[in-house]
Every structure is written in C-alpha cells, then in structure tokens.
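Only this structure's heavy atoms are used, side chains among them; waters, hydrogens and symmetry mates stay out.
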Amino acid sequence: MFRSAKYNSQVVSFPDLRTFLAQLQRNNDVAYIDAPVDPVLEAAEIHRRVIAAGGPALIFRNIVGADFPLVTNLFGTPARAELAFGERPLRLIRRLVHLVETILPPTPAKIWGARDVGLELLKVGLKRGHGGPVTEVVTGDVRLERLPAMTTWPEDGGPFVTLPLVFTQHPDGRGHNLGMYRLHVHDAKSTGIHWQIGKGGGFHYQIAESRNQALPVTVFLGGPPALILSAIAPLPENVPELMLASLIQGERLKLSDGPWPHSLVSNAEFALIGEVPPHVRRPEGPFGDHYGYYSLQHDYPVFNVKQIARRRDAMFPATVVGKPRQEDFFIGDLLQDLLSPLFPVVMPAVQQLWSYGETGYHSLAGAVVKQRYTREAMASAFRILGEGQLSLTKFLLVTDSHVDLKDFRATLEHVLARTNPETDLYVFANLSMDTLDYSGPEVNKGSKGVWLGLGAPVRDLQRSFSASELPQGIDDVRVFCGGCLVVKAPGYQDDPNIASRLAAHPAFAGWQLVVLTDDAARAAKSPMNFLWTTFTRFEPAADIHAASTRIVRNHLSYTGPILIDARMKPWYPKELSCRPDVAKKVTERWREYFPTRGIDMGDSERGHLD
C-alpha cells in the first residue's frame, strides 16, 4: 500500500463520494451498468467477478425495485484504495511520530522546525453549519425497502446495508463512536445492528440499556472516503473517529446542525436517523462474512429509523465480503500501513506488527518485538493481546529479529527456525474470541495462542519430505515452507481423533509444524490459501496437538512436531459459494452488463485464492 504506480502522482483530497467517483471517471476506472439487475444475489455476483479480475468501480443505475443507484467496488484495488485516502495521512503520522521522538527537550530551534506540523494540525477539526447536501431531502416517510441493499449470498437472512457509518455518542457525553456495523434490513422502518463484542457503539448501547434508555443512532452512507476509513480504523476507545477523518482528508469535516439527535455529515449521501430501544432483540443473519463463511443467526438490537436525510440525487454505496481477497482486504491493509508508525509509540517494545487479512485479520498476527531481558517478548505479546481490537487476535507469532511480516512464508520459517515449543508455545483457554469466528465452543468464546521464535536459529529447516511409511489413511503430504508440512487427512466426522495420532508418527519427526487439512493441494498452493484454510479453521485450545505433552511448572510443554487440525468441523458454518443458477445467469448476461467496454470476468468462486 501507498506504493501504487497508477495513481502515485495524484495527491487529491475528496470531500465526498462523488468527487472521488469523478476522479475515477477521469482515470477510466469506473463502469456503469444500465441493464436491470436484481439486488438479490445477482448484483453481488457481478461485483465479485469484477473484483476477482482487478476491475473498476461499479455504478448500477437500474437496480430492480430500488429508487437509487448502487455503487460498489470503490476501493477494490490497491490503486483505488491509495487514491481514496492518499499519501498525506501516512506522511503526517510519520512526521508526528518523529516529532514525539525528537522534540524533547524542547528548544526554540526544534519548535520552529515543527511549525509544518502545527500548520497541518490547524486544518484538523469540525466545521459546523446549517444545510448542506445531505439535508436536501429530509423525510419521515421511511421506506428502507426502496434502498438498493443487496442480498449477497444464498443463505443470507435478507438484504444488508454493508457500508454503514454508525454514529453514536456516550450517554454521558464522553465522546463519540463511528463504526461500521452491518445492518440487516428487517422491514421498511427497522434493521438489525450487528454490535459485536469489543465495539464502541455497543459499549454506548450497553450503558443506555442499563438505564432503560433508547440510544440515538445516526447512520451515514457515503461522504468523504476518509470517513469510511476512520469508521473501520482500530482506534482505542474514546479516540474520536471524526478527528481521524479530518486528519486523513486534510481539512475540517463539515457537519450540518439541525433538529436531530446528532449533527449530520454534510457531504454524506444518506443519513438514517433513529434510535435503538433497550431490551429489544430480533434474529439477525445469517450473513456471508469476510472470513469466507456464514456468520449464523443470533439475536441483536434493533435500529428503528425515524427519518431519512439525503441528497436529492443520492447514491447508495455498498460492498461485498467473502473469501479473500475482497474490497475490505485492500482497505484493511492500507489501514495497517497508515497506523503502523504509531505502534512503537503506543507499545514501545513492539517494533513491527501485522495482522493477516487472508485470515479475517483477527485470526493471525505477527510481531517483531524487543527482547532486552529474558522473556520480555511475552510482555509485548500480552500488551498486543490487551490493546483494543487487537485483543481479538486468536494466534500471534512473535520474534525479536527483523523479518518482513508481510511475507508470511518468510515469517513462519523465521519463527520455526528459532522456536523451542517446549517453552515457546503458549495456549490460553477459556477466553473471548471474535464474534465472527466459529471455531470455538460457543459464539464469542474460544482461546488464544502465542508462539515465540527468538534469538538466533537453532536448526536448519527441512525442505523436502520423504518417509519409508505413511500413516494409514494418509496419501497426500506437501511441503508448504521450510519446517512446515500440509497433510490431507480423512474428514473430521470420519476420524475426529487422528490428529493426536499423527503428531506422534515417526514419518513427521524432524518437522516443526504439521497442518492437517481437507485438501492439501489447495492449502499448500500459496500463502493466501494456507493462511485462509488454516487459521480460519482451528481453535488453539482444541486443535493444537504435539508428539507429546507434559505439564512442567503448570505450563503445558509441547514436544514437536506441533500439529494443527485445520479440517472443517461439523459445527463450522458453510464456506461461501454462489448459487449455481445465479452464476449461470451472470455468465450469460455479462455482455449485457457491459455492452460498450470489455470488462474482464474473474473467477468469483476462487476469488484471489489459487
């Protein structure tokens, strides 16, 4: 990220969605679809095929049953994501970090040298006024069914608003939260609101509900691209997302005051204004989520929409999530690049940190930390696992020497060459886990793992596999990288206990990590495949095995190889897949969607997986 050649020379700030689309139009990076398209499954499948081919942003101008055009794939390539948010925020954050590190003790020369930062920060803030584009139409005649909200996967519970910017305020006025929480459209005037654990808006609602009060909520759609990035940024609680949006945008964020609970973002396309009543729940979901599987139906609070404010010619922005890589992947990686200079400031012993989008981000992270005294690395691990949304990380690889964390094969080899699993692998059971991760025993419950690889290498990693005899039922063993094998095993239902037997089999002695999977060829084909099929399909406390395990000083001491059972389990939700008749329909209509320009049709079933 922040290295794209296509738009590298363009330094542009976009005050709203349409100025961004106008720039894409000038760059020939947006396509219009005038043919009638069904919002139930068809629009999403078109989007997925375009993004799989690295294609343009899409504007659907004829969504069946809707009163507004649908805009998707806004940020679905590294180039567009970089264009939307620009290099300026990263440059400013790096400058601020440098200033924090060098300005003390202050001197007149140092203060004068920092005047550029002061001038930049003067542009950050809110600009309040009345009116504005979002207030061109304000109505209490709420008809959510006329919005082009998509049903994106066959088993989804209905249409969802997938790019909502959900604004709430602490009931006692202690700050605000702007988050992206999907909205399941229940009927013409209400939606579900998917406040997962660890989310700021949910904390606000918890306080209001404890007082038997409704929580006012305003949902923005569209507006400055910076607002979207800010809504999904993993900021510490009570750090104002609107200020980050202003920082990214390079100017004060315009707000429109009026007779509604919250000021409205002036340049938004829509504002849904309403409240979430206390002690009311409705079934929400299922929903095909960014882990690549369905998140199942659960009871969630209900958002009652009282008014809609919008532009006269409003456009409805949306996205589609699923198996990697989808649009959220490009935004997520860009966010990590943007915020990475701050990690050593917030966590001084953490030099580098990277969460892997191919695993849904929360399933796996890697860290390079300082090891200035024995086991200091674990202090950094605990710090990471206690920091905001990073606390949802399921598995953490930690080393104390340089490695490019974005190169997963290199990172895994780096750890495996240095680890002593007897003392370096930690599994913590009975903890919370990301709401969307169903590998644990119950929703929101699971475990975490930390695997250290510190100091100098202690072994040369094996890079080819040979065995005089394979275990019974095993006939496909592949090398993913040095020290790591991928093994195809019988399905979990056929042999749930094979993992513990295989870990101790002499065929795998000398290997540090063995991953048990349903399809070894698929899992070993690329780092993306390995990451997705491994780390979204195991829970540390249930699925880590070893050749032998002892209790030493109340620590589980594992003798390698370590085996991860990443087979699909019977209770896991389904892998996402397009309905065959919809796939056939989209294939047959492709030229009808794009009659005047050749838009490549990617493989949506595979996505970016090999």
Side-chain angles (χ1 to χ4, degrees), residues 14-21 59 61 63 65-71 126-149 159-169 176-181 183-193 201 204 208 213-228 230-231 241-242 245-246 249 252-277 301-318:
F14 301 106
D16 57 24
L17 181 62
R18 50 197 63 211
T19 54
F20 177 60
L21 286 168
I59 300 179
R61 295 196 282 205
I63 291 290
D67 295 337
F68 306 94
L70 169 68
V71 184
L126 307 177
K127 184 177 181 180
R128 298 184 179 275
H130 295 276
V134 77
T135 65
E136 289 173 351
V137 177
V138 181
T139 179
D141 184 16
V142 177
R143 299 183 183 183
L144 299 179
E145 78 279 6
R146 303 304 299 175
L147 299 177
F160 284 80
V161 180
T162 53
L163 276 179
L165 309 176
V166 181
F167 183 87
T168 59
Q169 289 182 315
H176 69 256
N177 175 256
L178 184 76
M180 189 172 290
Y181 316 115
L183 305 179
H184 183 174
V185 180
H186 290 319
D187 50 48
K189 297 181 183 296
S190 69
T191 76
I193 187 162
H204 292 170
Q213 298 172 352
L215 181 70
V217 171
T218 303
V219 176
F220 302 111
L221 297 169
L227 202 65
I228 296 174
S230 302
E241 289 85 3
L242 296 186
S246 174
Q249 191 175 331
R252 292 179 179 271
L253 185 67
K254 295 179 181 178
L255 299 180
S256 299
D257 294 328
W260 29 72
H262 307 129
S263 297
L264 306 184
V265 174
S266 300
N267 289 328
E269 297 293 317
F270 290 88
L272 311 182
I273 304 163
E275 64 181 21
V276 179
V302 176
F303 174 41
N304 293 323
V305 183
K306 306 293 186 182
Q307 288 181 295
I308 294 182
R310 63 172 176 85
R311 292 175 181 253
R312 192 167 286 108
D313 57 346
M315 297 181 289
F316 184 89

### Message
Could you measure the distance from the OH atom of Y181 to the CD1 atom of I193? Nearest 0.5 Å is fine.
### Response
8.5 Å
### Message
Does R143 have more than 12 heavy atoms from other residues, nucleotides or ligands lying within 6.0 Å of its CZ?
### Response
no
### Query
If we only count heavy atoms from C-beta on, is the N177 to E241 side-chain gap below 4.5 Å?
yes
### Query
Quick one: OG1 on T135 to CH2 on W260, what's the gap to the nearest 0.5 Å?
5.5 Å
#### Entry: T218 and its side chain to side chain donor-acceptor pair (under 3.5 Å) partner, picked from E275, Q307, H262
H262
### Distance (rounded to the nearest 0.5 Å) between I308 CD1 and K189 NZ
8.5 Å
#### Entry: All ring pair (Phe, Tyr, Trp, His ring centres under 6.0 Å) counterparts of F220, not counting sequence neighbours
none
### Task
Check whether any side-chain N or O of R310 sits under 3.5 Å from a backbone N or O of M315 as a donor-acceptor pair, and report yes or no.
no
### Message
For T162, give me all partners under side-chain contact (heavy atoms from CB on, under 4.5 Å), at least two apart in sequence or on another chain.
### Response
F160, F287, A318, T319
### Message
Regarding E269 and R311, does a basic nitrogen lie under 4.0 Å from an acidic carboxylate oxygen?
### Response
yes
### Message
Would the distance check show the side chain of N267 and the main-chain N or O of P15 forming a donor-acceptor pair, the cut-off being under 3.5 Å?
### Response
yes
### Query
Of V217, L227, L242, which is the lone residue that meets side chain to side chain contact (heavy atoms under 4.5 Å, CB included) with F167?
L242
### Query
Going by an N to O cut-off under 4.0 Å, is there a salt bridge joining D313 and R18?
yes
### Message
Could you measure the distance from the CD1 atom of I63 to the CZ atom of F316? Nearest 0.5 Å is fine.
### Response
10.0 Å
### Query
Does the side chain of L165 reach to within under 4.5 Å of the side chain of M180, using non-hydrogen atoms?
yes
### Message
Could you check whether S190 and N304, counting side-chain N and O atoms only, form a donor-acceptor pair closer than 3.5 Å?
### Response
no
### Summary
Taken to the nearest 0.5 Å, the spacing of L21 CG from I59 CD1 works out to 4.5 Å
## Note on the structure
Value for NZ (K127) from OG (S246), rounded to nearest 0.5 Å, stands at 11.5 Å
